[in-house]
Amino acid sequence: MSVYMLFMLFPYYYYDINATPIESMEICDVRYCPNIYNIPVLKSLTMKVLKKRNAFVSRKEKNTKGKKQKVQVASISLNENIEDDDVANSDMENVTDDDESTQDAANAETAEAKRIRIAREYLETMRKLQKDSDSEEEEEGSDNGLQLTNALKRTRLEAMGKLFRNVAESAAQLNDGEYTIQCMSGHSGPVTCVVLSSCGTYCFSGSKDNSLIKWNIQTGEKVKLLPAWNRKTHPQQQSSEGEVLAVALSSDDRFLVSGGRDKLLHVFDSQNDYQQVHEFKGHKDAVTSLSFQRGSYSLFSGSLDRCVKHWDLAEMGYIETLFGHQDAVTALDCLSKARPVSCSSDRTARLWKVAEEAHLVFRAGGHRAAADCLAVLTEGGFATAGQDGSLLLWKDSHKTPLRSVQAAHGWEGDEQPSSSARRSARWITSLRALPMTDLLASGSHDGFVRLWKASTDASILQQVAAVPVAGFVNALSISNSMLAVGTGCEHRLGRWMHLKGNRNKVLLLRFRQPLAEEPLDK
């Protein structure tokens, strides 16, 4: 015990017969006292003492460093001889620095203040537009505040993708010939898919000749993004192996995606002049349908391999595969939510709840043959059509169709058979809806594109217009001011029927008056 006390009293001076004394060590270290370990009794005590001593000295150093800094600052302010001018200049510099810092703090705008400022600017702009419209058409007793409120409400709903418009009644103008037709020829095979850009400048179409063409609607100029099949250029490939069957365009017109018999998804980027930037692999059979989720780069693809795959073009990666269909997936559509709807040759339609990892099956009272076409009207309403010639209107809260039209495009031979004869309705080959409206367009090979008023709330499904178009109507794309129609001499998925004459064209029907808009809350 006496040795332990001696070691505590003299931690910095330990003499060894064969070693020099340890002088002024800030922190004891056993490396400088090797002979301590020669005494077994003191070995454990030495380690404990050293640990306590090191901890005490380290705490003391931290305290002394803080004190030294304070003293150092005080000595600078008291001992240095500074002239009056220097003091004045330094004071002025400090004042200017403080003023600049306070001015920057005042100018720094918070997020809430920025939102208020933007809202006020937007309201002022809306008021000016309202005054201009009132000056053009002055109406007595009009409530400007109510009109401004409706305009703001409309803008908010439109930004959220929830603005529903009743435009089907205004489509009746097509019955009176209130449209012009622009014919665009360039495909040597039947046109299988078509899509319009949201800016209204471009139209994209794919064909059985393996080509993908970008059309400039204003000038008529065409650019082939994928070349047509040729025996010289593709000696090892058959023409049917590269057929383009589906095309989709993102809502901001940046990414264009095509798919077909080659089982691949070809991605084109508008920022690189629509050059191919990526290629997705994963499907085991032909890709028949593509659809972007509105307002995002989330893409869904359907294939003859009975699967629906989910892709993310922002990261250029694969997300997941949705299983459930018992036969080939023939059509697919999606709106703002991650709830795509698909139909299949198994005569069912399925609404996929991606976030919940579940899906709804719509089968009862549906198609008697394969469902080939599908179009989504609202987040909860959609329509299907198929080989039995029937057009069905569905709602996600009902397992049975709300409305159905049998033989929507008539019967083969233009005559309705008797009750005893076997019915053969014309196959509906294409279906497209104007999103968040009650307007639906369908096509077959009866020589007409028919437009329908489809309302899931009022359970209405009735024809409002018919536009003459020859050939198989294999693809449709509709906007507020035009309708694009892809035609061919045969069906896009096979060669069961062939219509004589070259009808492999893209027709663009321009409305003389844009479709009227009547906003309603949905």
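V247 is listed as a side-chain neighbour of L256, based on a closest heavy-atom distance under 4.5 Å. By the 4.5 Å heavy-atom criterion applied to side chains, L249 and F268 are not counted as neighbours. At least one side-chain heavy atom of H310 sits less than 4.5 Å from a side-chain heavy atom of V354. Using a 4.5 Å heavy-atom threshold, the side chains of R450 and H409 count as touching. A 4.5 Å side-chain heavy-atom check between V329 and V308 finds at least one atom pair inside the cut-off. A 4.5 Å side-chain heavy-atom check between L265 and S258 finds every atom pair outside the cut-off. Using a 4.5 Å cut-off on side-chain heavy atoms (C-beta onward), V506 and V485 make no contact. Between Y274 and V223, every side-chain heavy-atom pair lies at or beyond the 4.5 Å cut-off.
Side chain of D209 to main chain of S188: a donor-acceptor pair is present (N/O by atom type, distance under 3.5 Å, no hydrogens or angles). The main-chain N or O of Q293 is never found under 3.5 Å from a side-chain atom of S298 such that the two would form a donor-acceptor pair. In terms of modelled atom types and a separation under 3.5 Å, the side chain of R426 and the main chain of G389 share no donor-acceptor contact. Counting only distance, with no hydrogens or angles, the side chain of S303 and the backbone of D285 share a donor-acceptor pair below 3.5 Å. Checking side-chain atoms of D438 against main-chain N and O of F164 turns up no donor-acceptor pair under 3.5 Å. At distances below 3.5 Å, not a single donor-acceptor pair connects side-chain atoms of S430 with backbone N or O atoms of S442. Using a distance-only test at 3.5 Å, with no hydrogens or angles considered, a donor-acceptor pair links the side chain of T429 to the main chain of V473. A donor-acceptor distance shorter than 3.5 angstrom exists from the side chain of E379 to the backbone of S336, with no hydrogens or angles considered. Judged by distance alone, with hydrogens and angles left aside, the side-chain atoms of D305 form a donor-acceptor pair with the main-chain N or O of K284 at under 3.5 Å. Counting only distance, with no hydrogens or angles, the side chain of S291 and the backbone of F300 share no donor-acceptor pair below 3.5 Å.
Of all heavy-atom pairs between L440 and A375, the closest is CD1-CB, 3.9 Å. In plain terms, the two heavy atoms of F511 and N480 that are nearest each other are CD1-O, 3.8 Å. Nearest heavy-atom pair, S404 versus L392, reported as atom, atom and distance to 0.1 Å: CB-CD2, 3.1 Å. In this structure, W311 and K281 approach most closely via the heavy-atom pair CH2-O, 3.6 Å. Shortest non-hydrogen contact noted between D333 and V376 is OD2-N, 3.0 Å. Of all heavy-atom pairs between A383 and L431, the closest is O-CD2, 3.6 Å.
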### Task
Might you work through the ring-ring contact (aromatic ring centres under 6.0 Å, His included) test for W427 and H445, ending with a clear yes or no?
CA-CA 8 Å; W427 190 345; H445 60 279; 8.4 Å; no

### Query
When you look at I217 and T201, which way does the side-chain contact (heavy atoms from CB on, under 4.5 Å) test go after all the steps?
CA-CA 5 Å; I217 298 174; T201 305; over 6 Å; no

#### Entry: Full working for salt bridge (Lys or Arg N to Asp or Glu O under 4.0 Å) between E121 and R117
CA-CA 6 Å; E121 292 176 356; R117 178 178 58 81; 3.2 Å; yes

### Message
Would H359 and R350 count as a side chain to side chain donor-acceptor pair (under 3.5 Å) here? Give the steps.
### Response
CA-CA 6 Å; H359 70 277; R350 297 173 188 258; 3.1 Å; yes

### Chi angles and distances behind the side chain to side chain donor-acceptor pair (under 3.5 Å) call for K224, S211
CA-CA 7 Å; K224 286 192 176 183; S211 65; 5.2 Å; no

### Query
For S455 and D457, what are the C-alpha separation, side-chain angles and deciding distance, and is it a side chain to side chain donor-acceptor pair (under 3.5 Å)?
CA-CA 6 Å; S455 174; D457 288 344; 5.5 Å; no

### Task
Evaluate side chain to side chain donor-acceptor pair (under 3.5 Å) for H367 paired with T384, printing each intermediate quantity in order.
CA-CA 9 Å; H367 295 283; T384 59; 2.9 Å; yes

### Message
Walk me through whether M184 and K505 qualify under side-chain contact (heavy atoms from CB on, under 4.5 Å).
### Response
CA-CA 6 Å; M184 297 181 290; K505 300 176 182 178; over 6 Å; no

### Candidate pair I460 and R403, rule side-chain contact (heavy atoms from CB on, under 4.5 Å), full reasoning
CA-CA 7 Å; I460 296 175; R403 283 289 181 270; over 6 Å; no

### Message
Could you go through C193 and L245, starting from their C-alpha distance and side-chain angles, then the distance that decides it, and tell me whether this counts as side-chain contact (heavy atoms from CB on, under 4.5 Å)?
### Response
CA-CA 6 Å; C193 50; L245 300 178; over 6 Å; no

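Within the model, atoms OG of S444 and CG of N474 stand 10.0 Å from one another, a figure rounded to the nearest 0.5 Å. Between atom CG of residue L439 and atom NZ of residue K453 there is a gap of 9.5 Å, rounded to the nearest 0.5 Å. Between Q513 atom CD and L174 atom CG the span is 11.0 Å, to the nearest 0.5 Å. The CG atom of N504 sits 11.0 Å away from the OG atom of S205 when rounded to the nearest 0.5 Å.
The list of side chain to side chain donor-acceptor pair (under 3.5 Å) pairs with a residue in residues 248-257, not counting sequence neighbours, reads S198-D253, S250-D252, D252-Y297, R254-D269, R254-Q271. The stretch residues 466-488 participates, sequence neighbours left out, in no salt bridge (charged side-chain N to carboxylate O under 4.0 Å, His left out) pair at all.
Salt bridge status for E124 with R120: absent, with no side-chain N to carboxylate O gap under 4.0 Å. By the 4.0 Å N-to-carboxylate-O rule, R261 lies too far from E241 to be salt-bridged with it. For the pair E243 and R492, the salt-bridge criterion is not met [side-chain N within less than 4.0 Å of a carboxylate O]. The residues R339 and D396 are annotated as salt-bridged, a charged nitrogen and a carboxylate oxygen being separated by less than 4.0 angstrom.
In this structure, K214 forms no cation-pi arrangement with F204, as its terminal cationic atom is not both closer than 6.0 Å to the ring centre and no more than 45° off the ring axis.
A side-chain donor from one of S342 and W352 sits under 3.5 Å from a side-chain acceptor of the other.
Around atom CD of Q218, more than 12 heavy atoms belonging to other residues, nucleotides or ligands sit under 6.0 Å away. More than 12 heavy atoms of other residues, nucleotides or ligands sit less than 6.0 Å from atom CZ of R512. Applying the 6.0 Å contact sphere to CD of E221 captures no more than 12 heavy atoms from other residues, nucleotides or ligands. Counting heavy-atom neighbours within 6.0 Å of K337 NZ, excluding the residue itself, gives a total of 12 or less.
Among L212, L226, L225, the single residue meeting the side chain to side chain contact (heavy atoms under 4.5 Å, CB included) criterion with Q276 is L226.
Q182 is linked by a side chain to side chain donor-acceptor pair (under 3.5 Å) to R510, counting only residues two or more places apart in sequence or in another chain.
Between F362 and W394, the two ring planes are perpendicular [angle over 60°; tilted spans 30° to 60°].
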